[in-house]
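Everything on this sheet refers to the single structure shown next.
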Amino acid sequence: MSESPAPVHGYIDVVFSDRPQQVVSINELPFLIGRGRESGNHLAIDDLRISRKCAAISAGPSGICIEDRGQLNGIFVNGKPTSAGILADGDRIRLGIDDGCQLVFRMQSEAQTQEEVVTKLRSLLGSLGGDSADDLKALRLLLEATSLLHSQLPLESVLAAMLDHAIVITHADRGMLLEPDASGVLQVRVARGRDGESFAPETMNPSRSVLGQAMELESAVINEDLRLADRNLQSAYSVVVQLLRSAAVIPLYGAPRGQASSPMEAPRRQLLGALYLDSRRTTTFSALDRQILDALGAQAASILDNARLLERERERQRLEQELSIARQIQQALVPQGLQDYPHLAVTGIHRPCHEVGGDYFDVFTLPDGRIAIMISDVAGKGLGAALLTTMLQGALSGMTLGVEPVKVFYHLNSFLCDRAAVGRYATMFFGLLDQDGGLEFVRASHPSPLLLRRGEVSELYSGGSFPIGLVEQASFKAERIQLEPGDTLLLYTDGVTEAEDRDRNLFGAGRLKEAVSRHKDSSLAELQAGILSAVERFAEGASQSDDITLLVVRYQRPEDGTARTETQSPGGMQLPV
């Protein structure tokens, strides 16, 4: 019978050579790794060196396993090529032959955690020489509290149980757990009494003077008799009114994160909250009591830190789910299967650099038989650009009602300029192609399409124009050219020419023309693939910083034969039409 692995708390350190390190929790198995989230990856790495379906971490009969799911040039664990194998804490995973991105697997089982805690507590008791019944009782209580802190109970129940144990150990009248609010002021989250009763947090009035003293010292403060404390503390309003005689505060700090402000200074710890105990009686704390409180505080800080990280992870997952839905909607709006045209062949691809993007292309028929071809690029990236892109698409669909393109451009420009708070503008190219090859087009500061004619590559137009939504007085006009049979138009967004290599050099219009010329006798699919390949080779694995969109159109007269229509999904897969 196979042995099931113990429950684990795992995460991945994502270490880049040219980017900040990331920490990603492993919340479910199998845990998928690859480029982009459209393939269902839990760890999505925006790097062209990483395959879309790269690797998976899953539970096997002997432990946690990693499996190669199609990474280019394979995966390596601790420098050795691996198709499938068991992972151990600290294993370094390299994806492909390039060491620009490495993954460090971290794992600690529940049993290991408990064993370490028990060992430390036994060491603590042994160092104090304590073997009295009271000491053993206190140790047992702490072990129970530690076990609760690492249980799967709801967080509020765990924190309440922790306070109950702290009250029993210290013989306090009440205990509170405080957390900082948005402004950094400590507020009561959980409050308990000596008989295990719960108090409404808003009715609690912990001594702010004692709390302030602990925060200032950044260490535990224990006052066994407040009558012997300094005069300011003795006369504090909360101490006098509530007749307090003893109090203890243990600040709770998370593990240091981020970088120090200077090489000589340690990273600043993050205040997670405070454990507060008080009584109307004087209390004598033994050395063991004090160290148990410190140990209990450390455990409480750990559970709060983990809860905060889990909350952030859940919020991140919620946002990613919403972005994934937005991506699905945007992908559905991008043409997925263009209809056949007797005088036109088309292929197109859209690769957003984030979940959603600001690029868009479309091809559709007008009532008079002309074919509309368009491409646009909204300034900026992400969700804001995607929202405006969707709005522009809806407005441009009005062309099918016979509205003149120039009028639509003026209307869109006025609409966006009147709403300056949107803070976005867009470049656009819109063309209408008739069966005789006449192309009427309107442009709004978009890069000129490239014209491939008889093996020569040139720009369709020169000179500047205004984008839509930037200048209220902008003017737009219709221009016209005559296409010849076999002419190919390449419409693109600046994410192609502004693709960067590792040294921040741009791909540029010159390299784009070379790539087009190199495939002058190729099919549209081969031409498009050749351009994308040229960009990827130039980038050498550098992350994509802008959306990449291509729309390739080839004109031929109807009597020359029915043209072939091609389109590709955002992932680059050929779709049947």
(request) Sequence neighbours left out, what pairs pass salt bridge (charged side-chain N to carboxylate O under 4.0 Å, His left out) with at least one residue falling in residues 514-524? (result) none
(request) Name all residues meeting the side-chain contact (heavy atoms from CB on, under 4.5 Å) criterion together with E459; count only those two or more places apart in sequence or in a different chain, and write none if there are none. (result) S448, L450, K513
(message) Once side-chain contact (heavy atoms from CB on, under 4.5 Å) is applied, do any residues pair with D91, and if so which ones, sequence neighbours excluded?
(response) V77, N78, L87, A88
(message) Can you give me the closest heavy-atom contact between N41 and G36, atom names plus distance?
(response) ND2-O, 2.7 Å
(request) Would you mind reporting whether N505 and F507 have side-chain heavy atoms less than 4.5 Å apart? (result) no
(message) Salt bridge check, D547 against R351: does any charged N sit closer than 4.0 Å to a carboxylate O?
(response) no
(request) Drop me the distance from I75's CD1 to R94's CZ, to the nearest 0.5 angstrom. (result) 11.0 Å
(message) Can you confirm whether V553 sits close enough to I371 that some side-chain heavy atom of one is under 4.5 Å from a side-chain heavy atom of the other?
(response) no
(message) For D368, give me all partners under salt bridge (charged side-chain N to carboxylate O under 4.0 Å, His left out), at least two apart in sequence or on another chain.
(response) R370
(message) Holding to side-chain contact (heavy atoms from CB on, under 4.5 Å), I want the full list of residues that pass it with A478, two or more places apart in sequence or in another chain.
(response) V406, E440, V442
(message) Quick check: closest heavy atoms across E498 and L506, and the distance to 0.1 Å?
(response) O-CD2, 3.5 Å
(request) Can you tell me which residue pairs pass the ring pair (Phe, Tyr, Trp, His ring centres under 6.0 Å) test with a partner in residues 42-66, sequence neighbours excluded? (result) F31-H42
(message) We want to know whether D362 and Y360 form a side-chain donor-acceptor pair, criterion being a heavy-atom distance below 3.5 angstrom.
(response) yes
(request) With sequence neighbours excluded, tell me which residues meet side chain to side chain donor-acceptor pair (under 3.5 Å) with S83. (result) none
(message) Taking side-chain contact (heavy atoms from CB on, under 4.5 Å) as the definition, give me every residue that meets it alongside E484, ordered by chain and number, with sequence neighbours left out.
(response) R453, R454, D487
(message) Among V346, T347, L491, exactly one meets side chain to side chain contact (heavy atoms under 4.5 Å, CB included) together with V552. Which residue is that?
(response) T347
(request) Grab the two heavy atoms, one from D359 and one from I548, that are nearest each other, plus how far apart they are. (result) OD2-N, 4.0 Å
(message) How close do D377 and H446 get, counting heavy atoms only, and between which atoms?
(response) CB-CE1, 4.1 Å
(request) Please work out which of the three classes, parallel, tilted or perpendicular, describes the rings of F415 and H411, given edges at 30° and 60°. (result) tilted
(request) Only counting residues at least two apart or in another chain, list the ones meeting ring pair (Phe, Tyr, Trp, His ring centres under 6.0 Å) with F476. (result) F409, Y410
(message) Going by the rule side chain to side chain donor-acceptor pair (under 3.5 Å), which residues pair with S376 if we only count those two or more places apart in sequence or in a different chain?
(response) none
(message) Please find the pair of heavy atoms, one from S51 and one from C54, that lie closest to each other, and give the distance.
(response) O-CB, 3.7 Å
(message) Using every non-hydrogen atom in the two residues, find where A444 and S465 come nearest and quote the distance to one decimal.
(response) C-OG, 3.7 Å
(message) The criterion is salt bridge (charged side-chain N to carboxylate O under 4.0 Å, His left out); which residues satisfy it with D501, sequence neighbours excluded?
(response) none
(message) Using 0.5 Å steps for rounding, measure from the SG atom of C65 to the CD1 atom of I86.
(response) 3.5 Å
(message) Quick test of your reading of the model: are R69 and E67 salt-bridged, counting only N-O distances below 4.0 Å?
(response) yes
(request) Would you please name every residue forming a ring pair (Phe, Tyr, Trp, His ring centres under 6.0 Å) with F429, sequence neighbours left out? (result) F441
